[in-house]
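Working notes for the structure below.
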2 protein chains.
Amino acid sequence: MPSAPRTRRKEDARARILEEARRIVLENGFEALTMRRIAEAAGYSAAALYLHFENRDAIARELGESGMQGLLAALTEAAAAEDPVERLRALALAYVGFARIEPETYRLIFMEPGFAASALGGKDEAGAAAFQLLAGAFEALGNAGRLRPGQDLGGLALTFWILLHGTVSLKLTCSAFLSPPEEDLLATALDSLLNGILAPEPTGLNLPER
Amino acid sequence: MPSAPRTRRKEDARARILEEARRIVLENGFEALTMRRIAEAAGYSAAALYLHFENRDAIARELGESGMQGLLAALTEAAAAEDPVERLRALALAYVGFARIEPETYRLIFMEPGFAASALGGKDEAGAAAFQLLAGAFEALGNAGRLRPGQDLGGLALTFWILLHGTVSLKLTCSAFLSPPEEDLLATALDSLLNGILAPEPTGLNLPER
DNA sequence: GAGTGCTCCTGAACAGCGTTCATTGAATAT
DNA sequence: ATATTCAATGAACGCTGTTCAGGAGCACTC
């Protein structure tokens with residue numbers, strides 16, 4: 001049975017390793033995340049990392065999970081907007097903004113093979129909560145009567161996410177081919193989507209067209 | 001100046017190397033594409049590969065370029081549909097279908113850092129031609145008067161591509177979280193998009209609603 | 001206080017990775 | 001028949017993730 005100060009030191013070591021790992025990913029990209037590099041930065045030998053983590057993937061997974069919590073925090077802040085349409089735009093901006101500030105984290109979470117499968121499909125609550133924020137905006141949209149009838153709310157939320165992720169990931173890998181900034185790309189796409197799903201606004205006038 | 005049979009044998013070797021490399025990616029994934037594995041499969045030593053290719057990235061790039069030509073071929077076939085809306089749906093199905101058959105190739109082209117940047121931004125004509133097929137469908141849509149006025153054709157094509165790539169790449173990395181097949185995901189998203197950008201159809205009847 | 005565990009950590013090692021280089025062997029050119 | 005060119009190799013270097021025997025140092029017990 002380990003004593004209190006012992007476990008505390010061990011937890012400190014764990015935290016320091018993760019901290020250095022996060023810094024390396026942020027500064028030098030995900031592929032620079034090397035066991036020996038992490039160890040040196042944290043003041044350990046490479047073998048010591050295996051006393052605190054199962055392997056490199058476990059470290060990466062932990063980074064991804066805390067990254068997902070960061071995304072969730074950004075989306076939560078944006079979801080405070082009351083007007084549902086405004087909320088959607090705020091969510092979109094927050095999503096894109098997160099990916100812009102931490103592109104390597106976004107890549108780790110959503111574009112690295114193997115991670116998202118286990119994180120989102122598994123017990124990761126942050127991911128599910130983040131998606132619920134998106135879905136909630138559409139629910140609010142429906143409750144406010146702003147949606148055309150007969151639309152699947154879950155499908156709309158998925159479409160929204162597809163739009164967000166498509167914009168971000170395409171910009172991330174094909175930035176040379178995509179000249180407009182991601183905010184503009186997404187604004188255009190979102191306009192078309194909203195135009196297709198929102199009920200025609202009551203203008204107060206009677207049928208101005210047709 | 002090398003003799004004719006010499007250059008022929010050398011070209012054969014190059015082709016055989018690429019062939020084996022492609023097989024390895026298809027069967028065992030992109031990360032299994034190892035110089036030593038390719039060499040063994042092609043009957044060479046690892047060092048011999050460097051007589052035919054600059055490095056591993058050059059082999060991957062070549063695979064990506066021929067993969068892009070495959071995608072272009074699939075899209076070209078789909079673009080034969082005359083009705084612009086049908087063409088859009090056919091293009092979407094062809095895009096998703098390509099990614100389903102060759103997910104590792106798709107990942108190599110559009111999700112691997114470094115490749116798409118050089119391929120699409122550089123002199124790769126297949127990529128540009130593929131995008132032109134998407135843009136052409138919207139041009140046809142505009143020429144047929146099926147689009148609501150005041151919409152940027154290039155922006156619509158980009159939105160369409162974002163939708164396609166978002167669907168495919170999300171399904172590729174988060175398949176555990178996304179239960180519906182990519183065709184359904186895309187159909188929902190495409191319906192919303194079309195609903196937003198298409199001009200209201202003249203039904204022959206007069207204002208059936210409102 | 002001496003001895004005994006237990007925990008944390010290290011250096012060395014293994015297999016595999018991409019890549020380079022001196023050397024060989026065979027086919028071509030003279 | 002000799003000289004030249006060129007494809008191909010084996011060994012090596014530095015890197016990667018990971019494992020393991022061994023060694024310190026702390027916390028207990030007697």
Side-chain angles (χ1 to χ4, degrees), chain A residues 1-22 24-25 27-64 104 107-108 112-115 118, chain B residues 1-25 27-64 104 108 112-115 118:
Chain A
M1 183 193 306
S3 66
R6 253 200 153 36
T7 62
R8 207 182 98 72
R9 280 169 60 94
K10 181 149 187 180
E11 286 169 5
D12 282 358
R14 234 187 99 94
R16 195 167 67 250
I17 291 170
L18 280 177
E19 192 179 339
E20 292 301 327
R22 185 171 297 113
I24 290 174
V25 169
E27 291 180 3
N28 305 100
F30 177 62
E31 65 179 6
L33 190 70
T34 292
M35 296 303 267
R36 286 174 173 83
R37 239 188 289 264
I38 302 172
E40 190 191 14
Y44 286 115
S45 75
L49 301 189
Y50 291 85
L51 301 175
H52 302 277
F53 299 91
E54 189 190 347
N55 50 26
R56 195 191 97 118
D57 282 357
I59 298 181
R61 186 164 5 103
E62 207 114 348
L63 287 186
E104 293 293 337
R107 161 161 264 135
L108 170 60
E112 213 63 37
F115 172 74
S118 68
Chain B
M1 185 193 303
S3 68
R6 249 184 147 60
T7 61
R8 209 180 96 72
R9 281 168 58 96
K10 180 150 187 177
E11 284 169 6
D12 282 359
R14 231 188 102 95
R16 193 167 69 251
I17 291 170
L18 279 178
E19 192 179 338
E20 292 301 327
R22 184 171 298 112
R23 193 186 51 76
I24 290 174
V25 169
E27 290 181 3
N28 306 99
F30 177 62
E31 65 179 8
L33 189 70
T34 289
M35 295 302 270
R36 287 174 171 84
R37 241 189 286 263
I38 302 171
E40 190 191 14
Y44 286 115
S45 74
L49 302 188
Y50 291 85
L51 301 175
H52 302 277
F53 298 91
E54 188 190 348
N55 49 27
R56 195 191 97 119
D57 281 356
I59 297 180
R61 189 168 357 109
E62 207 116 347
L63 287 185
E104 292 293 337
L108 170 59
E112 212 65 37
F115 173 74
S118 68

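A quick note: this is a predicted structure, and the numbers were derived from the prediction, not measured. Residue numbering restarts at 1 for every chain, and letters A, B, ... go by the order of the sequence lines.
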- Taking CG from A:L51 and C1' from D:dT19, how many angstroms apart are they, rounded to a whole number? 12 Å
- Message: Once rounded to the nearest 0.5 Å, what's the spacing between atom CG of A:D12 and atom CD1 of A:I17?
- Response: 11.0 Å
- Shortest non-hydrogen pair, A:A32 vs A:R37, comes out as O-NE, 2.9 Å
- Answer yes or no: is there an ion pair linking B:E20 with B:R23, defined by an N-O contact shorter than 4.0 Å? yes
- side-chain contact (heavy atoms from CB on, under 4.5 Å) partner of A:L33, chosen from A:N28, A:L108, A:I24: A:I24
- Query: Given atom CD of B:E40 and atom P of D:dA8, what is their separation to the nearest angstrom?
  - Reply: 17 Å
- Query: Given atom CG of A:L49 and atom C1' of C:dC9, what is their separation to the nearest angstrom?
  - Reply: 11 Å
- Note on the structure: For B:R16, the side-chain contact (heavy atoms from CB on, under 4.5 Å) test, sequence neighbours excluded, returns B:Y44
Between the protein and nucleotides 17-21 of chain C, are there any N/O to N/O pairs under 3.5 Å, and if so, what are the atom names and distances?
from   : atom 1 : to    : atom 2 : distance (Å)
C:dC17 : OP1    : B:T34 : OG1    : 3.2
C:dC17 : OP1    : B:R37 : NH2    : 3.3
C:dG18 : OP1    : B:M35 : N      : 3.3
C:dG18 : OP2    : B:M35 : N      : 3.0
C:dG18 : N7     : B:R36 : NH1    : 2.7
C:dG18 : O6     : B:R36 : NH2    : 3.0
C:dT19 : OP2    : B:Y50 : OH     : 2.9
C:dT19 : OP2    : B:R56 : N      : 2.8
C:dT19 : O5'    : B:Y50 : OH     : 3.2

- Length of the line joining A:I24:CD1 and D:dT16:P, which is rounded to integer Å: 11 Å
- Message: Looking at A:H52, I'd like to know whether one of its side-chain N or O atoms comes within less than 4.0 Å of OP1 or OP2 on C:dC9.
- Response: yes
- Message: Applying side-chain contact (heavy atoms from CB on, under 4.5 Å), can you list everything that pairs with B:A58, at least two apart in sequence or on another chain?
- Response: B:F53, B:E54, B:N55, B:R61
- Atom OH of B:Y44 and atom P of D:dG10: how far apart are they, to the nearest Å? 14 Å
